[in-house]
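Have a look at the structure below, then the notes.
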Amino acid sequence: MKLKVCGMTSGENIQAIASLKPDFLGFIFYEKSARFITSDIPELPKSIKKVGVFVNASESEIIDTVSKYDFQVVQLHGDESPEFCSSLQSKQSNLEIIKVFSIKDHFNFKVLKSYESVCDYFLFDTKGKLPGGNGYSFNWNILEAYPSTKPYFLSGGIGLDDVKNIHQFLKSSASKYCYALDVNSKFETAPGLKDFNLVQQFKTQILSNTSTMNYNINEHGYYGEFGGAYIPEMLYPNVEELRQNYLKIMAEPDFKAEFNQLLKDYVGRPSPLYFAKRLSERYNTKIYLKREDLNHTGAHKINNTIGQILMAKRLGKKRIIAETGAGQHGVATATVCALMGIECVVYMGEIDIARQAPNVARMKMLGATVVPALSGSRTLKDATNEAIRDWINNPVDTHYIIGSVVGPHPYPNMVARFQAVVSEEIEWQLQDKEGRTKPDHVIACVGGGSNAAGAFYQFLNDTDVNLIAVEAAGLGVHSGESAATSALGKEGIIHGSKTLLMQTDDGQITEPYSISAGLDYPGVGPMHANLFRTSRAEFISITDDEAMQAGLELCKLEGIIPAIESSHALAVFKQRQFKPDDVVVLSLSGRGDKDLNTYINYFDL
Ligand SMILES: *Cc1c(COP(=O)(O)O)cnc(C)c1O
C-alpha cells in the first residue's frame, strides 16, 4: 500500500515529512485552501513522487507550475472534463494524472467511464464545502461497486484512529484496486503543518498491518529470532546511548541534508544503474548493474562510514575506532575521519597487517593509527576483541564504527538504513528506464551482508521481488575451506548478536575461507539469517573458481573489472536461469583494483 501525504506549506516541515519516505507528497495550488503553498519546495529524495494539486486551474497555469516545480504527477480536484485531461495528457506525456471524485453517501460510478483513458489514477475524497481537507470520511463500502480496474487513492479524513478500519477494508474486495492512502488534515498541528510523529506512526502501523511478514527489524532489535544485543555489561551504556538516539538523529532534517550532500558531492552518488547489454545478451535476460564500484574509495562501504561519522559527531564523540580484516572497512573509516578531522584508530590482526600492506599504507596516509592485534589467530576476530576492549575503556568520547550489518542492535539496523540509499536509487532509476520501480530479482554477495542489505532494503516486504544472496563457497561448500554461512552455519552468538555462524559441535567458531577477503567471515548479519530461515531470500553459494571466471567474463563483455566479492554475485548467471523479460538488478559492490594481485596470480597474467 502506497502512502500520499498532502498539503504541507513550510519548507522545513516538508523536509521532515519527506524523511519518512512517503511514496507521494502533494502540494496544493488553490488560493482558497488553508493549505495553499506559497513557500519554495526543497529538494526531495527521488523515490518520492511530487504531486501538484489543482482546482479548476487553466491548462497553462498547470503546465507552468509543473515545469517550475518539476512535478511528476498532477491531481485535478475540480470539475475538469475528460477533454481537459486528454489535452493535458497529450501535451505532457510523462505527467501522471490523478482525477478526483468526491463521494458523500452515494456515488454514480458511471461518471468514471469517460475518464478511464485520460488519467492514470482515480482518487476518492469526501464531499465537503471546500475541496479537500474536510477531516471526515465517506463510507468506504460504497467501493464494493467500483466497476473499474484503474488503481485508486483512498482519501477523505483518514487519521491514525482509522488504522483498524483500514486493515478491515484492505481485506475486503472493495479494496482490490486501492493503490494508495491519501492523508492530510488529521495529521496536522495547524493547517498545512504535519505532525512528524503521527505520520511516522501511521506509516509503520499501516505497513506492519498490510504485510503478512515483516522482514525489517522489530522494536526489540530482532529480525525474527535473530539479532538482539548480547554484550558485556561494561558495554551497555555505549550501545544504549546509540540505540536511544540513532533513529531520532537520522530523522533530523539537518542530518539528512548533510548525509545526502556528502553522498552526492564526496562519494559521487547517485551511482549509475547501468544496463549491461552484452552481459544481458549472453544470459538472455535484462541485467542492470548497480555501480557501487564507482563510489569514492571503490565500494559501497563508504555509504555507511559517512553515515556513522555524522552520527558520531551528533553524539558529541571526538574519537573513532574500527576493526578491519582485509583493510577495506579500515580505509573507508580512515577516509571519513580525515574528512571530518577526527582521530581514528583501526585495529587489525598482525597477520592481516602483513597480508594487506597496501591498505595499511592507505590508512596511514589518511592519518589513522593502525594497531596490531597480537592475540589468538591474529586476524579479524582478534581485532574485533581489541576494538571492543578500547570502547569499554573510552565510553564517553569514542564511537565504534562497525563495517557491516553485524554487531549488537542497533548496528545492523543502522548500517542497513545508511546502505538503503542503494535500493532507494534503484527504485527511481528503474522507473526512468523500465517504467516501474520494482525489479524481478535483486542479486548481491554477502559477507556480513551490508551491500545486500542496501540493495534489498526497499524490497524486503515486497515478496514479488525475488532476493538472491550469494555466499562464498571457497574451495567447495563441504571442502572445509568455505565461508558459506547459511549452508553450514548454526545458531550462535558472534559480535553481540544472535545469528547463523560456522562453528564446531562444541561451539568453537570455524575459520572461514574465501579467495575474496570481503566474504571471508564466519557469520552473517541477523537480517540475512532471518531471510534465510524464512526463505524470503534465495541463498546460492559460489566457489572461488566460479567467481574468478565470472569476474573475468565481466571484464571482457563490459569493460568493468569487478571486486572479487562482486564476482561471486556475477557467477549466479551460470547457475540460475532467468526469463528473457525479467529485470535483474545486480549489486556491483566494488571495483577490482584492490584484487589485481589475486587476479594476476590466479590467471597467471
Ligand atoms: C566488504 C565488501 C563486501 C562484503 O561486505 P558486505 O557487508 O557483505 O557487503 C562485498 N563487496 C565489497 C567490494 C567489499 O569491499
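Order of appearance sets the numbers: ligands from 1, and atoms from 1 within every ligand. Just so you know, these numbers use all the heavy atoms, side chains as well, and skip hydrogens, waters and symmetry mates.
- Heavy atoms of Ala563 found under 4.0 angstrom from ligand 1 belong exclusively to the side chain.
- Taking atom 6 (P) of ligand 1 as the reference point, the nearest protein heavy-atom neighbour is Ser450 N, 3.2 Å.
- Atom 2 (C) of ligand 1 has its closest protein heavy atom at Lys301 NZ, 2.4 Å.
- Contact annotation: for His329 versus ligand 1, there are no heavy atoms closer than 4.0 Å.
- Here the protein heavy atom with the shortest distance to atom 4 (C) of ligand 1 is Gly518 O, 3.4 Å.
- In this structure, His399 and Lys313 have side chains that are not in contact, with every pair of non-hydrogen atoms separated by 4.5 Å or more.
- Near Cys445, with a cut-off below 4.0 Å to any heavy atom, the atoms of ligand 1 are 10 (C).
- A distance-only check finds no donor-acceptor pair linking the side chain of Glu425 to the backbone of Val422 [under 3.5 Å].
- Enclosure of atom CZ in Arg282 is not indicated, since only 12 or fewer non-hydrogen atoms of other residues, nucleotides or ligands lie within 6.0 angstrom.
- Using a 4.0 Å heavy-atom cutoff, Gln419 is absent from the residues neighbouring ligand 1.
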Start with the C-alpha gap between Phe456 and Tyr215, add the side-chain angles, then the distance that decides, and say whether ring-ring contact (aromatic ring centres under 6.0 Å, His included) holds.
CA-CA 11 Å; Phe456 294 171; Tyr215 297 95; over 10 Å; no
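- Between the SG atom in Cys445 and the CD1 atom in Ile540 there is a gap of 13.0 Å [rounded to 0.5 Å].
- Under 4.0 Å from ligand 1, not a single heavy atom of Glu292 appears.
- Where the criterion is an N or O separation shorter than 3.5 Å, residue side chain and backbone included, Ser404 meets it with respect to ligand 1.
- Checked by distance only, ligand 1 and Gly590 stay at 3.5 Å or farther apart across all their nitrogen or oxygen atoms.
- Remark: minimum distance from atom 11 (N) of ligand 1 to any protein heavy atom is reached at Ser589 OG, 2.7 Å.
- Counting heavy atoms from C-beta outward, His568 and Ser516 have side chains that approach closer than 4.5 Å.
- Distances below 4.0 Å separate heavy atoms of Val446 from the following atoms of ligand 1: 8 (O).
- Close approach of ligand 1 to Gly447 (heavy-atom distance below 4.0 Å) involves ligand atoms 8 (O).
- With a 4.0 Å heavy-atom cut-off, ligand 1 is reached by the backbone of Asn451 and by its side chain too.
- Between Met363 and Gln356, every side-chain heavy-atom pair lies at or beyond the 4.5 Å cut-off.
- Below 4.0 Å from some heavy atom of His300 lie the following atoms of ligand 1, by number and element: 2 (C), 3 (C), 6 (P), 9 (O), 10 (C), 11 (N), 12 (C), 14 (C).
- Around NZ of Lys264, the count of heavy atoms belonging to other residues, nucleotides or ligands within 6.0 Å does not exceed 12.
- Residues Ser19 and Ala251 approach most closely at OG-O, 3.6 Å, considering heavy atoms.
- Taking only nitrogen or oxygen atoms, main chain and side chain alike, Gly403 does not reach within less than 3.5 Å of ligand 1.
- A salt bridge is defined here as a Lys NZ or Arg NE, NH1 or NH2 lying under 4.0 Å from an Asp or Glu carboxylate O, and Arg269 with Asp265 fails to meet this definition.
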